[in-house]
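Input: a single structure, listed below in structure tokens.
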Amino acid sequence: DAMVIQNPRYQVTQFGKPVTLSCSQTLNHNVMYWYQQKSSQAPKLLFHYYDKDFNNEADTPDNFQSRRPNTSFCFLDIRSPGLGDAAMYLCATSRNDGDAEQYFGPGTRLTVT
Amino acid sequence: DQQVKQNSPSLSVQEGRISILNCDYTNSMFDYFLWYKKYPAEGPTFLISISSIKDKNEDGRFTVFLNKSAKHLSLHIVPSQPGDSAVYFCAARNDYKLSFGAGTTVTVRA
């Protein structure tokens with residue numbers, strides 16, 4: 001089935017140790033998004049790619065970076081994770097920029113020790 | 001600054017009865033509103049949406065109402081079924097961006 005896949009589902013990293021989360025999609029959608037969701041809070045958009053164009057949200061910390069090497073894959077890099085970065089990270093896609101309906105992966109739960 | 005708020009973190013309803021979920025927003029530039037449903041260990045999935053030029057949209061057991069003057073959105077599920085037990089997120093679009101509420105956990109009791 002066409003879908004959005006996130007690996008790993010659970011990731012434990014040490015304080016300050018770089019970590020990469022990955023997302024792939026078989027929907028052939030142009031747009032890929034990364035959200036951060038902390039416990040009992042709303043998902044918060046970090047950045048998104050429209051094709052190869054990267055769009056960073058103004059309040060996304062510099063510690064968070066992203067790469068999209070091709071249409072199917074998108075990576076979230078956290079350069080120096082802090083305890084406050086522990087969260088669920090959700091990847092989503094949409095066919096085109098501005099499409100309201102987004103398709104979400106199951107998320108990666110990041111723990112920082 | 002939370003532009004979309006779901007003030008009820010949880011809702012318990014008996015099977016067969018109506019579930020009403022509420023959502024308030026502050027940004028008058030939102031032009032499209034959506035509800036997403038999330039089961040444990042899965043990502044949110046799209047449920048139903050409404051354009052800002054409408055006040056009601058119905059899809060089977062699900063109806064979304066929009067009151068623009070009050071900046072209020074609601075989702076009605078009738079009749080509620082056990083499979084409706086999930087977290088429901090309200091979302092609103094401005095330009096390319098969706099802003100989400102924190103979610104309401106619905107539990108349908110047998």
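Order of the sequence lines fixes the chain letters, A, B, ..., with proteins taken first and strands second; residue numbering starts at 1 for each chain.
- Contacts of residues 75-95 of chain A with chain B at a heavy-atom distance below 4.5 Å involve A/Leu90, listed in sequence order.
- Residue contact with chain B, scored on non-hydrogen atoms closer than 4.5 Å, is absent for A/Arg109.
- Between the side chain of B/Asp59 and the main chain of B/Phe62, no donor-acceptor pair closer than 3.5 Å is present.
- Contact of B/Phe33 with chain A is not made at all, since no heavy-atom distance falls under 4.5 Å.
- The distance between the ring centers of B/Tyr88 and B/Tyr36 does not fall below 6.0 angstrom.
- When all heavy atoms are compared, the tightest approach of B/Phe89 to B/Ala102 is CE2-O, 3.5 Å.
- Using a 4.5 Å cut-off between heavy atoms, A/Glu101 contacts chain B through both its backbone and its side chain.
- Within the 4.5 angstrom heavy-atom criterion, only backbone atoms of A/Asp99 (N, CA, C, O) approach chain B.
- Within the 4.5 Å cutoff, no side-chain heavy atoms of B/Leu98 are placed close to those of A/Tyr33.
- Residue A/Asn56 comes nearest to A/Leu46 through the heavy atom pair OD1-O, 3.5 Å, listed as atom of the first residue, atom of the second, then distance.
- Looking at B/Lys71 and B/Tyr25, their side chains come closer than 4.5 Å, going by heavy atoms from C-beta outward.
- Proximity to chain B is absent for every atom of A/Tyr50, based on heavy atoms less than 4.5 angstrom apart.
- Ring-plane geometry between B/Phe100 and A/Phe104 is classed as perpendicular, the angle between the planes exceeding 60 degrees on a 0 to 90 degree scale with a lower cut at 30.
- Proximity to chain B is limited to the side chain of A/Glu57, based on heavy atoms less than 4.5 angstrom apart.
- Proximity of B/Leu21 to B/Ile77: side-chain heavy atoms (C-beta onward) are separated by under 4.5 Å at one or more points.
- Figure legend: B/Arg93 and B/Tyr32 shown as a cation-pi pair, the cationic atom lying under 6.0 angstrom from the six-membered ring centre and within 45 degrees of its axis.
- Residues B/Arg109 and B/Glu15 form no side-chain contact, since every pair of their non-hydrogen atoms from C-beta on lies 4.5 Å or further apart.
- Contacts between residues 42-56 of chain B and chain A, defined by a heavy-atom separation under 4.5 Å, are made by B/Glu42, B/Gly43, B/Pro44, B/Phe46.
- More than 12 non-hydrogen atoms from other residues, nucleotides or ligands lie less than 6.0 angstrom from NZ of B/Lys97.
- Shown here is A/Asn70, whose CG atom has more than 12 heavy atoms of other residues, nucleotides or ligands within 6.0 Å.
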